[in-house]
Amino acid sequence: MTATHHATVELAKLARVLDRNPSDLAFLATLPPAALREFRDQITDLTARREARRMQRVGAAAKLVPAPIAAKITEAAFGPVLAAALAGSVDPARAVAIASALSPSFLADGTLTLDPRRAVELIAQVPGPMAAAVASELISRGDYLTMGNLAGSVPDSVLRAALPHASDLDILQVGYYLEETSAADRLLTIVTDRVPGVIRATHDADEWPKAITLLALLGPTERSKLANVVATQDDEVIDGLLAAVEEVDAWDTLLPVAAGMSPQPLQRLAQRPAMQNPTLLTKIADLALTQNLWLSLLPLATHLSPTQLHAVAARVATEPDDSLTTLIEQAHTESHWPTLLPVALALSTPDRNRLASLPVMHRPAYLTAAIEATATHNLWPEALPLLNDLPTTTHDTLATTINTLTDNNFREALQAAPTADCTTTLIQIVLRQDVSSRTRSLTLLNESDNLEPFVATITTQDPAIWQAIFEAREETPEPLRTLLTTQASQCSQTDSAST
């Protein structure tokens, strides 16, 4: 979507250089915006080279007369277009002195064809009041294209002097036509205090497509700041943005923005009615998986409800094993285990088993990172059910990893285990620890507040598991040992209990 709008902007700028109506250049609309800009620069450079000598001679002559007289000659004989062409051939200080005697209207006319690349020194010396007067004139005309052309080149001081003359909606329009995309960050920084008003004006004027285009120009930091401000607006504003994103199919722009939002604004975005639509969530997940935006989707996933997560997980499950492996590797590389786990748990049982069977999930570094992330963010309720899906060949690695957990982390895991229905698996892993670590784990279990519920959910009738439990009876404190003996009998494991 944004590429189409960038092409529209570039066509408007090219039409200005060629003195044609943008509709005359519609046949170029399918070209990449970068190609259109390169073509425009080539035309501008060619024209400048062709006129260079003549401009230098005229510029030299301008030095011979006082600035007020040169201004009169410029206004009467040259006109604004030629005056703009001359600007790069005259000493900047001299050019500013001449410009000071010209009317804001004439200067505004001249900026229409001024090439900022050839007037960098001149632009840098323009006094704030003069810049403000010209900006006010351009804004009153609605000439946002010229304002955008200049805004990326003028110093911050000039922008600060000029922007008070712009309304909130004017600022959006100027941003849409920025010549240099890097200038978008600078513009947003300068008007930080006006951003809420710009957002409201955008909504009221139904100009969301332009705002979305500007959003795509921003760097990650400024983009996330803007998104956080959007998320604090009234519900109707947020809903208006989401509706516009869907209408112009700009989820490829919004998803990376959402990835950098703070948790609370992101949660609010996830809770809006539009985000409850399973079809839309499937579409977003599909975009993330096919457009290399997987890591942008994961932060949003942590704020989705179980119903929303199921829609996302169902689309993820359609990926082949090699694709799932790549997704897990990407999440691991960027330390996204806390955001990956909710998606994994939302998979259906067969799909979760398939995920757990992937060799990538059995790599020690991955298992360790997953456990560490779970402990850091207390995601035991979300992560523990996945233990049941992992093969027993991973238990040694998991046993080593839980050795490094703090007492509090391990207590949190014990507390969540019964509800997660993985007490048997957790006991199996504990029993694979070395003697010292196993003694510590069993002691913490014995001291836990939910000891009885924990033991009561060990309902396996596998004799080998019960045999292993009672082989560790010397390290098992009371009353845990008594409770395990009773539970073994209830599971018809009297032979193990009596050993």
Side-chain angles (χ1 to χ4, degrees), residues 1-13 33 138-139 142-149 151-152 159 163 166-262 265-266 268-270 272-275 280 284 287 293 296 300:
M1 164 267 165
T2 50
T4 300
H5 281 269
H6 290 319
T8 300
V9 172
E10 285 300 333
L11 283 177
K13 294 176 180 179
L138 290 171
I139 289 170
D143 190 353
Y144 304 114
L145 192 155
T146 300
M147 280 290 293
N149 186 39
L159 277 180
L163 288 176
S167 69
D168 290 335
L169 189 59
D170 288 332
I171 291 175
L172 169 68
Q173 303 284 8
V174 171
Y176 179 69
Y177 285 105
L178 280 173
E179 176 68 12
E180 296 291 340
T181 55
S182 60
D185 283 8
R186 189 162 62 99
L187 177 66
L188 186 65
T189 300
I190 291 173
V191 299
T192 296
D193 59 329
R194 296 184 62 179
V195 167
V198 172
I199 294 171
R200 184 75 231 189
T202 298
H203 176 72
D204 292 342
D206 195 21
E207 289 282 17
W208 282 117
K210 288 185 178 180
I212 294 167
T213 300
L214 177 57
L215 195 62
L217 297 180
L218 296 170
T221 300
E222 295 303 323
R223 200 162 49 194
S224 298
K225 287 181 182 177
L226 182 58
N228 285 332
V229 175
V230 171
T232 64
Q233 304 303 303
D234 295 339
D235 289 347
E236 63 172 327
V237 175
I238 301 175
D239 293 341
L241 169 61
L242 294 176
V245 169
E246 174 65 9
E247 182 179 351
V248 300
D249 195 20
W251 291 105
D252 59 335
T253 297
L254 187 62
L255 200 53
V257 174
M261 293 173 66
S262 301
L266 188 55
R268 188 171 179 219
L269 183 69
R272 298 311 306 148
M275 298 297 292
L280 175 58
I284 293 173
L287 177 73
L293 293 172
S296 295
L300 176 64

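Predicted model, so just to flag it, every value in this text is computed and none were measured.
In this structure the side chain of Arg186 reaches within 4.5 angstrom of the side chain of Leu159, judged on heavy atoms. Put simply, the side chain of Asp234 reaches to within 4.5 Å of the side chain of Arg200, judged on heavy atoms. Val229 has its side chain out of reach of Lys225: every pair of non-hydrogen atoms, C-beta onward, lies at least 4.5 Å apart. Annotation: side chain of Leu145 is not in contact with side chain of Tyr176 (no heavy-atom distance under 4.5 Å). Residues Val237 and Ile199 have side chains in contact (heavy-atom distance under 4.5 Å, counting atoms from C-beta outward). Considering only heavy atoms from C-beta on, Ile212 stays 4.5 Å or farther from Leu254 through its side chain. Proximity of Thr189 to Glu222: side-chain heavy atoms (C-beta onward) are separated by under 4.5 Å at one or more points.
One distance of note links OG1 of Thr202 with CD of Gln233; it measures 10.0 Å at 0.5 Å rounding. Taken from CD1 in Ile139 to CE in Met147, the straight-line distance is 4.0 Å, to the nearest 0.5 Å. Rounded to the nearest 0.5 angstrom, Leu300 CG and Leu293 CG are separated by 12.0 Å. Rounding to the nearest 0.5 Å places CG of Leu226 at 12.5 Å from OG1 of Thr221. Remark: Leu217 CG to Leu188 CG distance equals 11.5 Å, nearest 0.5 Å. Here CG of Leu242 is found 8.5 Å from CG of Leu280. Values are rounded to the nearest 0.5 Å.
Evaluation of the salt bridge (charged side-chain N to carboxylate O under 4.0 Å, His left out) rule for Glu246 yields Lys283 as partners, not counting sequence neighbours. Under the rule for a salt bridge (charged side-chain N to carboxylate O under 4.0 Å, His left out), Asp170 has no partner lying at least two apart in sequence or in another chain.
Met261 and Leu266 get closest at one heavy-atom pair: CE-N, 3.9 Å. Heavy-atom minimum distance, Ala216 versus Thr253: CB-CG2, 3.9 Å. Shortest non-hydrogen contact noted between Ile171 and Ala166 is CG1-CB, 4.2 Å. In this structure, Arg223 and Pro256 approach most closely via the heavy-atom pair NH2-CB, 4.3 Å. Nearest heavy-atom pair across Leu172 and Ala211 is CD1-CA, 3.7 Å. Residue Tyr144 comes nearest to Tyr177 through the heavy atom pair O-CB, 3.6 Å, listed as atom of the first residue, atom of the second, then distance.
Between Arg268 and Asp235 there is a salt bridge, with a side-chain nitrogen of the basic residue lying less than 4.0 Å from a carboxylate oxygen of the acidic one.
When atom types are taken as modelled, the side chain of Gln173 and the backbone of Leu169 share no donor-acceptor pair closer than 3.5 angstrom. With hydrogens and angles ignored, the 3.5 Å screen pairs a side-chain donor or acceptor of Asn228 with a backbone N or O of Ser262. With hydrogens and angles ignored, the 3.5 Å screen pairs a side-chain donor or acceptor of Asp185 with a backbone N or O of Gly219.
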Ile238/Leu269 under side-chain contact (heavy atoms from CB on, under 4.5 Å): CA gap, chis, key distance, verdict: CA-CA 8 Å; Ile238 301 175; Leu269 183 69; 4.0 Å; yes

